[in-house]
Amino acid sequence: MSHDAESDLMAQQMPVRDFYLGRQPILDRQQGLYGYEMLFRNAAGESAEIDSDVAATATVIAHTAQLGLEKVIGDALGFLNVDAEVLMSDIFVFLPRERVVLEIVESMVVSQPVLERIADLTGHGFRFALDDVRVDAPEVQLLLPMVEYVKLDVRAMPLSGLMAAAPRFKREKKKLIAEKVESREEFDTCLGLGFDFFQGYYFARPAVISGRKLSPSQLAVLELMGLVTSDADNIDIERAVKRDVTLALNLLRLVNTPAIGMRHRIDSISQAITILGRRQLQRWLQIMLYAEPSRGGNSMTPLLLLATTRGRLLELLAQRLRPGQRNVAEIAFTVGIMSLMDALFGMPMTLIVEQIPVIDEVAHALLRRSGFFGDLLHLAECIERMEESDDQVLPALRELAISSEELIELEVAAFEWSDKVVRYAL
């Protein structure tokens with residue numbers, strides 16, 4: 001039986017359940033993307049049920065297999081929560097072991113059969129992480145030899161505890177993940193303690209990069225955006241692009257990749273601008289603002305990925321809810337992209353709205369999360385912060401008259417589009 005056929009059969013055998021798909025980035029020491037924790041919740045907003053219900057977890061895995069894991073996480077690793085019931089089941093045929101880390105939840109009861117099962121799965125190439133580790137817990141000592149990653153909750157442990165635990169696990173050759181990192185200070189502390197990876201929302205908080213100055217490339221992007229939105233002649237836009245080598249090269253790459261879908265190679269800036277068109281050029285420039293030139297070629301930064309995914313998700317939601325109204329979808333994309341500019345520039349959103357002319361609907365969405373676009377943005381933020389706002393997703397869906405099935409479909413499409421744009425265009 002083929003992999004897809006097995007996925008279809010398994011999905012048919014499992015009870016039909018509504019669930020949401022979320023993903024939280026896991027970053028490396030350079031704040032580049034390493035992996036995603038895949039967050040699955042049922043429609044009732046009861047997050048614990050997924051962790052204890054093998055049928056729900058199996059359904060999720062089957063759906064993920066059908067959707068295509070590469071659409072959900074791109075080239076990153078996927079971290080998936082598992083408990084004893086899931087581990088003792090037979091659903092791992094649907095997981096590509098080289099792309100997935102099985103994250104053992106802290107509530108799991110460790111028994112001899114479970115230990116033997118983990119040892120067997122490890123022997124077959126599966127990798128494990130321990131979540132919310134309590135350093136001296138007996139079950140941790142039993143599981144430690146078989147896990148590759150150890151996750152420590154910086155919110156649940158005092159600094160003295162982190163200082164004691166980090167070197168201890170490093171001596172055991174474990175890869176350390178600091179989770180719930182929400183400030184620059186916490187990131188720097190964990191970095192100094194030797195943590196390998198970091199998970200949390202700190203990268204999207206304005207305080208992280210407060211006082212940051214615009215790079216020359218970002219200034220060039222803003223200048224170009226001004227020319228595009230003011231309907232300047234193509235020749236003036238072409239000259240502005242040519243003044244920044246990075247922009248010129250990225251523009252040529254963009255129009256020659258699957259993200260655009262051109263059948264013939266484009267080899268001049270003038271031709272590229274004409275082919276791309278003003279609307280797509282403006283969209284590309286909005287995305288380019290988030291590409292950090294100091295990454296040394298690594299453009300897969302969390303803020304860039306979050307901004308492109310959020311913008312595309314809002315656009316797709318608007319298309320679904322207001323079909324045939326192209327301008328509404330374009331505004332939704334702009335709201336999604338602009339919603340993270342406070343983090344990008346390290347300044348309050350009120351100042352950004354004052355400096356970048358936007359219509360009232362956009363301003364209300366960005367400043368107050370009100371109106372149609374504000375509702376879309378609120379839903380996107382609830383999904384991104386699933387663990388903190390799990391109980392807000394269902395009311396947001398009801399307000400917009402969107403089903404969880406539709407949301408999953410649009411999320412995956414947004415993930416896939418964002419991955420392509422970042423991979424090919426930057």
Side-chain angles (χ1 to χ4, degrees), residues 21-40 64 68-82 95-105 125-133 147-154 162 166 169-170 172-184 186-205 208-209 290-292 294-310 340 343 384-387 414-416 418-424 426:
L21 171 62
R23 57 178 194 175
Q24 189 180 71
I26 296 173
L27 317 180
D28 61 22
R29 290 177 62 85
Q30 287 73 46
Q31 297 190 65
L33 181 67
Y34 179 74
Y36 288 107
E37 179 175 353
M38 295 184 287
L39 302 171
F40 301 104
T64 302
L69 192 65
E70 71 282 353
K71 294 181 180 180
V72 179
I73 62 173
D75 287 336
L77 283 178
F79 286 68
L80 178 68
N81 288 345
V82 296
L95 295 174
R97 58 202 70 186
E98 71 280 0
R99 303 293 314 285
V100 170
V101 176
L102 302 178
E103 191 170 313
I104 300 171
V105 298
F126 285 99
R127 290 177 288 176
F128 288 87
L130 276 180
D131 190 24
D132 285 341
V133 168
V147 304
E148 184 174 338
Y149 302 85
V150 169
K151 299 182 75 172
L152 297 176
D153 185 342
V154 301
L162 288 174
F169 289 121
K170 293 295 286 186
E172 298 278 349
K173 307 296 183 185
K174 304 304 174 186
K175 297 173 182 175
L176 285 182
I177 302 176
E179 55 181 346
K180 297 187 180 176
V181 179
E182 297 192 358
S183 72
R184 181 74 200 193
E186 289 173 349
F187 170 73
D188 287 338
T189 296
C190 294
L191 196 66
L193 290 174
F195 278 81
D196 303 285
F197 305 106
F198 309 85
Q199 183 176 353
Y201 301 110
Y202 69 93
F203 64 87
R205 297 288 177 90
V208 175
I209 46 180
Y290 289 88
E292 298 185 30
S294 62
R295 289 288 177 193
N298 177 18
S299 296
M300 299 285 279
T301 61
L303 196 59
L304 170 61
L305 285 164
L306 182 59
T308 53
T309 303
R310 186 184 285 187
L340 288 165
E384 291 160 11
R385 297 171 180 267
M386 190 74 79
E387 290 183 322
F415 292 158
E416 186 178 20
S418 175
D419 182 66
K420 280 184 179 179
V421 167
V422 173
R423 185 193 313 276
Y424 292 121
L426 303 175

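Hydrogens, waters and symmetry mates play no part in the numbers below; they use all other heavy atoms, side chains included.
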Participant: Any side-chain heavy-atom pair from Leu80 and Glu37 closer than 4.5 angstrom?
Facilitator: no
Participant: Does the side chain of Ile177 come within less than 4.5 Å of Phe195's, by heavy atoms?
Facilitator: no
Participant: Test side-chain contact (heavy atoms from CB on, under 4.5 Å) on Leu152 and Val154; report intermediate values, then the result.
Facilitator: CA-CA 6 Å; Leu152 297 176; Val154 301; 5.8 Å; no
Participant: Less than 4.5 Å apart, side chain to side chain, heavy atoms only: is that true for Lys151 and Gln199?
Facilitator: yes
Participant: For Leu305, is there any backbone N or O sitting under 3.5 Å from a side-chain donor or acceptor partner on Thr308?
Facilitator: yes
Participant: Could you pull out all residues at least two apart from Asp132 that satisfy salt bridge (charged side-chain N to carboxylate O under 4.0 Å, His left out)?
Facilitator: none
Participant: How would you list, by chain and number, every residue that makes a ring pair (Phe, Tyr, Trp, His ring centres under 6.0 Å) with Phe197, sequence neighbours excluded?
Facilitator: Tyr34
Participant: Kindly write out the residues that satisfy salt bridge (charged side-chain N to carboxylate O under 4.0 Å, His left out) with Asp196, not counting sequence neighbours, or none if the list is empty.
Facilitator: Lys170
Participant: How long is the gap from CG on Asn81 to CD on Glu103, to the nearest 0.5 Å?
Facilitator: 4.5 Å
Participant: Please identify each residue that fulfils side-chain hydrogen bond (donor to acceptor under 3.5 Å, both in side chains) with Lys175, with sequence neighbours left out.
Facilitator: Glu148
Participant: Checking the side chain of Arg127 only, and the main-chain atoms of Val147 only, is there a donor and an acceptor separated by less than 3.5 Å?
Facilitator: no
Participant: Take Lys180 and Glu186 through the test side-chain contact (heavy atoms from CB on, under 4.5 Å) and record every step on the way to the result.
Facilitator: CA-CA 9 Å; Lys180 297 187 180 176; Glu186 289 173 349; over 6 Å; no
Participant: Do the ring centers of Phe198 and Phe187 come within less than 6.0 Å of each other?
Facilitator: yes
Participant: I'd like to check the salt bridge (charged side-chain N to carboxylate O under 4.0 Å, His left out) partners of Glu416; sequence neighbours left out, ordered by chain and number.
Facilitator: none
Participant: What residues, two or more places apart in sequence or in another chain, satisfy side chain to side chain contact (heavy atoms under 4.5 Å, CB included) together with Ala307?
Facilitator: Tyr290, Ile337, Leu340
Participant: Go through the steps to decide whether Asp131 and Phe79 satisfy the test side-chain contact (heavy atoms from CB on, under 4.5 Å), and finish with yes or no.
Facilitator: CA-CA 11 Å; Asp131 190 24; Phe79 286 68; over 6 Å; no
Participant: Ignoring hydrogens, what is the shortest heavy-atom contact between Gly35 and Leu33? Give both atom names and the distance.
Facilitator: O-CD1, 3.5 Å
Participant: Should Ile104 and Phe128 count as side-chain neighbours, where that means a heavy-atom distance under 4.5 Å?
Facilitator: yes
Participant: I want to check something: taking the side chain as every heavy atom from C-beta on, are Val133 and Phe169 in contact at a cut-off of under 4.5 Å?
Facilitator: yes
Participant: Atom OH of Tyr149 and atom CG of Leu102: how far apart are they, to the nearest 0.5 Å?
Facilitator: 11.5 Å
